[in-house]
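Throughout, protein chains are lettered first and strands after them, A, B, ... in sequence-line order, and every chain is numbered starting at 1.
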Amino acid sequence: MKKEVKRKKKRKKKIIDFNVIEKKWQNYWEKEKIYRFDPKSKKKIFSIDVPPPYASSGHLHVGHALHYTQFEIIARFRRMLGENVYFAPCFDDNGLPTEKYVEEKLGISKKDVTRAKFRKLCLEESKKIEKTYSDRVFKKLGHSYDWSLLYTTISPEAQKIAQVSFLDLIKKGDCYRAEEPTIWCPYHQTALAQAEVEDLKRTTQLNYIYFDLEGEKEKIKIATTRPELLASCVGVFVNPSDIKNKKLVGKTAIVPLFGYKVRIMEDEKVDPEFGTGIVMVCTFGDTGDIEFWKKYKLDLKISIDKEGKLTEVAGKYKGLDIKRAKEKILEDLRKEKRLEKQETIEQTVGACWRCSTPIEFIVTKQWFIKTLQYKEKLIGFGRKIQWFPQFYRMRYEDWVRNLGWDWTISRQRYYGVPIPVWYCKKCKKIIFAEKNNLPVDPTASKPKKKCSCGSNQFKPEYDVFDTWMTSSMTPQIAMRWLKKPKEFKKMFPASLRPQAHDIIRTWTFYTILKSFLHFSSIPWKNIAIGTYVLDSKGKGMHKSKGNVIWAEDILNKYSTDVFRYWVGIATFGEDLRYQEKDLIAGKKFLTKLWNAFNFSSIHLKNYKSKKPKKLQAIDQWLLSKIQKLIQEITKDFKNYKTGNVTRKIEYFFWHIFCDNYLEISKNRLYQGKKQEKESAQYTLYNSFLTLIKILAPTVPHITEELYQQYYRKHEKVKSIHIAEWPKPVAGLINEKIEKLGDKAIEIIGKVRQYKTKNQKSLKAEIILTLDKDKIKELKPFIQDLAAVTKAKEIKTGKFDIKFL
RNA sequence: GGGCCUGUGGUCUAAUGGUUAGGACGUUGCUCUCACACAGCAAAGAUCCUCGGUUCAAUUCCGAGCAGGCCCACCA
């Protein structure tokens, strides 16, 4: 009972109020402009191409918070290394998510209001969300952005850059408008890029349909999941090696219900095992159809329109949507006894990544950027960039190699960057906006000059750009390509692009593409792929699975620095399982750091920053080890191996510094002679300062607090975050002394073990007997050895311990 | 179907071509020792996924397999 009371008292005394510390220093950093980028400085620039987050008003997933904090730690490290860090915060407020949010929040549909009005509403809402987001997320997480460099993807500057990019590519011949089969979402009624298509698993009916053969009694059976496309059938194919069907080649089939004739041809791509081994090609059911259509120059019969309804090509089925048309056509086939059977099969189809509506392939006029002809070049540029970890480069290369389409950049949406183009109503000529008038919204303005045909009547381009058209220019937007071309030149290519691996095929690819097309340059020297957070069982976190951990809950429960410590154990490119015990360990670590500081500051009260003539052996031992630590973690940081950094510091601090060095030094600090004490104080001062410096990028609040409490008055620099990163001093590395010190610690361990086994208190006084050689060797450590093991006497002989 | 990554005590992980495979969490015992019981000390706990190969020597290198994860493609 007494014990309990005493325990509680003690505990109360030592608790750190993280909340107070965090707010205090966040305000201080802001007030003192600690993280300002200095455009005039001659220091080496480290520029970061930050992923613009979509500022959702909802909660923030731990994975997302980790991702943004992970490279923020790198920014802090580089700043302390003495580099001029260009770290611009940003928001992505361009595109469908914003449209959807505004529609939901205001209870309107974009179709109810004018385009201009809707865009205005989107802008207003984005601004509001971004404000709360930056306060609640970025500042709360202690991020060190230079807020004066903020940009948003819908800002006039960003729009201008997207439009300039477009015009430049038109000029270079890398951008064109064409009527092509395009990936189409019938729900959103817009074209999509290959990257926006996701797999959708579903069960469907495979229908076996009889086709007549011209001039023959025999019928053939064709299996299809899309009977509604019968009206678009433009050819029938079999595999040339398919014995049972080969005889059909060259004959003519008659399409049921519609009665027209199509040729039967052969192609190796046909799988003789699927269905009946006979395929009908329609324009268009899937990418295979497009391939056949192009390869054999088949007819074009468009039977599905932009809204997903059947066209006049489908005759009496015109106007029906895909689902109804399928039902009706199957019904009619059944009536005509042309439907042999139906099989239920599992099928994966491409679907719109936002609404999961299966995509269609529709021929429309769209704008494209050339990609296919540059594949090899783009792979080459990918190799000029350093990837962390390196294997992710393979993902990029695989994607580039397998590209099947040029990039469709036009979207049939409302909110987005407009395509700066008009069409002459009279002669249909395309009129491009003038570069110095950008950004321009063609629906709200007119070309400055008449068309060359003399007409003054124009039809604006209503389409807007794919959001990646802007996002692919983030290095240019972030570093003010158009506004400050001189500074831009100094910073480009950027130093670092941090990003998630799931958007290598989009963001990475498009950014490299643009940089290649506009500048013949790589966009950044390094790309670091962030950590992907899984749940404790190793599964991805998804709202639908109910296993999501919210960052806010963790921050409230454990504080920002504890959260950041957890971020610190992650390594770029490696998955991390979320486990609460990791946060508990982080919390313990910070408490230990706090306590070690309390101890140190007591003994450093009257410290005179003067290096003693001779450092004692144990001090040399610690200083030697710390030089190596600095060497290693500086290298690890440069290679984005942040997990190693944290692990190494943790081990050093806990086991070398606290468990051994401090314990051994206690005697000297409490009752040592002047010389001994000064040596210990010097070492303590410098090693602890080094420790909080190397921890500062990861846990910026507590390290600032400790720095300000004690070191500021000695070191003068106004924040630890702009203090100089420790440099390893080669002269302090001493292998011999390290080995001896390690041996002394080994002996201390043995003595402790012996005492525990014999159920003696660790304070029990002993006589320690050591080999003659060992005593000689360990002479510099004998005094410490005696003090820590409570050895009254150290004698020569075989290793032996006697209790007094 | 193709590509990439991973596989170490109960759990999470580290290092390593050659002594007792390191640490954290958890478990057990002892100790409030003057920074810290959110601590210290100690103990128990591992066929280093399986099978082959290279080697004097493999948990480590190579190959195959199994399992998990991710990306991509195909699916008429």
Side-chain angles (χ1 to χ4, degrees), chain A residues 3 6-8 10-11 13-16 194-195 199 201 204 206-207 222-226 229 233 236-237 269-271 274-282 285-289 292 345-350 389-399 401-404 501-502 504-505 532 534 536-540 569 573-582 584-603 643-644 647-648 650-651 654-655 658-659 662-663 666 669-671 748-749 751-757 759-764 788 790:
Chain A
K3 255 189 177 177
K6 215 173 169 186
R7 220 172 253 181
K8 266 181 195 165
K10 272 202 163 174
R11 205 174 287 166
K13 202 177 80 186
K14 301 297 176 193
I15 280 170
I16 318 163
Q194 194 178 346
D199 284 357
K201 279 209 169 91
T204 192
L206 182 62
N207 307 284
I222 295 180
T224 177
T225 57
R226 308 234 17 211
L229 285 172
C233 179
V236 170
F237 285 82
K269 280 241 164 170
V270 179
D271 177 0
F274 190 90
T276 59
I278 310 174
V279 190
M280 67 167 188
V281 170
C282 305
D286 58 39
T287 50
D289 287 345
F292 283 128
I345 57 161
E346 284 288 324
Q347 180 195 40
T348 310
V349 291
Q390 226 216 353
F391 63 77
Y392 274 111
R393 203 187 72 206
M394 292 309 292
R395 282 240 178 128
Y396 166 78
E397 291 189 5
D398 287 349
W399 175 257
R401 255 185 221 110
N402 293 321
L403 280 171
H501 65 70
D502 57 338
I504 289 175
R505 63 186 175 140
Y532 187 69
L534 305 167
S536 59
K537 290 172 195 113
K539 304 272 176 211
I569 67 173
E574 284 174 20
D575 292 352
L576 178 70
R577 293 187 185 194
Y578 172 83
Q579 313 224 85
E580 189 144 12
K581 67 178 190 184
D582 288 336
I584 294 168
K587 194 180 168 199
K588 283 182 173 182
F589 179 86
L590 297 186
T591 308
K592 185 89 175 167
L593 185 71
W594 183 266
N595 287 315
F597 171 79
N598 285 341
F599 172 82
S600 306
S601 59
I602 290 167
H603 296 287
N644 284 4
R647 218 174 299 112
K648 284 174 187 171
E650 184 183 280
Y651 182 82
W654 211 298
H655 301 294
C658 293
D659 290 351
L662 289 187
E663 289 305 322
K666 270 180 185 170
L669 290 165
Y670 277 110
Q671 59 245 347
I748 292 168
V751 173
R752 281 168 176 167
Q753 199 175 343
Y754 192 88
K755 287 183 177 176
T756 308
K757 265 189 188 152
Q759 295 198 302
K760 294 278 178 189
S761 159
L762 289 178
K763 279 203 298 190
V788 179
K790 314 285 173 206

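Scored by the side-chain hydrogen bond (donor to acceptor under 3.5 Å, both in side chains) test, Asn644(A) finds Arg647(A) as partners (sequence neighbours excluded). Residues forming a side-chain hydrogen bond (donor to acceptor under 3.5 Å, both in side chains) with His603(A) (at least two apart in sequence, or on another chain): none. Arg505(A) pairs by the side-chain hydrogen bond (donor to acceptor under 3.5 Å, both in side chains) definition with nothing, not counting sequence neighbours. Applying the side-chain hydrogen bond (donor to acceptor under 3.5 Å, both in side chains) test to Asp289(A) and every residue at least two apart in sequence or in another chain returns nothing. Taking Phe237(A) as the reference, Phe292(A), Tyr296(A) meet the ring pair (Phe, Tyr, Trp, His ring centres under 6.0 Å) condition, with sequence neighbours excluded. Residues passing the ring pair (Phe, Tyr, Trp, His ring centres under 6.0 Å) test with Phe589(A), sequence neighbours excluded: Tyr565(A), Phe653(A). Here Glu663(A) pairs with Lys666(A) under the side chain to side chain contact (heavy atoms under 4.5 Å, CB included) rule; sequence neighbours left out.
Distance, Lys666(A) NZ to C34(B) P: 7 Å, rounded to whole Å. Protein atom CH2 of Trp399(A) is 15 Å distant from nucleotide atom C1' of C70(B), rounded to whole Å. Atom C1' of nucleotide C70(B) and atom NE2 of His501(A) are separated by 6 Å, given to the nearest angstrom. Rounded to whole Å, the distance from CG on Leu662(A) to P on C41(B) is 12 Å. Atom-to-atom, CG of Asp271(A) to P of C75(B) comes out at 10 Å; the value is rounded to the nearest Å. Protein atom CD1 of Ile584(A) is 16 Å distant from nucleotide atom C1' of A39(B), rounded to whole Å. Whole-Å rounding puts the Asp502(A) CG to G3(B) P distance at 22 Å.
Base pairing of C34(B) is not made with any nucleotide, judged by Watson-Crick or G-U wobble geometry with both donor-acceptor distances under 3.5 Å. Pair assignment for U50(B) gives A64(B), based on Watson-Crick or G-U wobble hydrogen-bonding distances that are each under 3.5 Å. Nucleotide C41(B) is matched to G29(B) when pairs are restricted to Watson-Crick or G-U wobble geometry with both distances under 3.5 angstrom. Using Watson-Crick or G-U wobble geometry with both donor-acceptor distances under 3.5 Å, C12(B) finds its partner in G23(B). Taking a pair to require two hydrogen-bonding distances under 3.5 Å in either a Watson-Crick or a G-U wobble arrangement, G1(B) pairs with C72(B).
Both Ala223(A) and Asn402(A) lie near RNA chain B, and the one whose nearest nucleotide falls closer to the 5' end is Asn402(A). Nearest-nucleotide mapping onto RNA chain B: of Gly749(A) and Arg505(A), the residue sitting toward the 5' end is Gly749(A).
An OP1 or OP2 oxygen of G69(B) is reached within less than 4.0 angstrom by no side-chain nitrogen or oxygen of Lys537(A). Taking only side-chain nitrogens and oxygens, Gln579(A) never comes nearer than 4.0 Å to OP1 or OP2 of C25(B). Taking side-chain N and O atoms only, His655(A) has no distance below 4.0 Å to OP1 or OP2 of G22(B).
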What are the atom names and distances for every N/O pair under 3.5 Å that joins the protein to nucleotides 60-63 of chain B?
none

Where do N or O atoms of nucleotides 4-10 of chain B meet protein N or O atoms at under 3.5 Å, pair by pair?
none

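Contact check for Phe597(A) versus Ile602(A): no side-chain heavy atoms found under the 4.5 Å cut-off.
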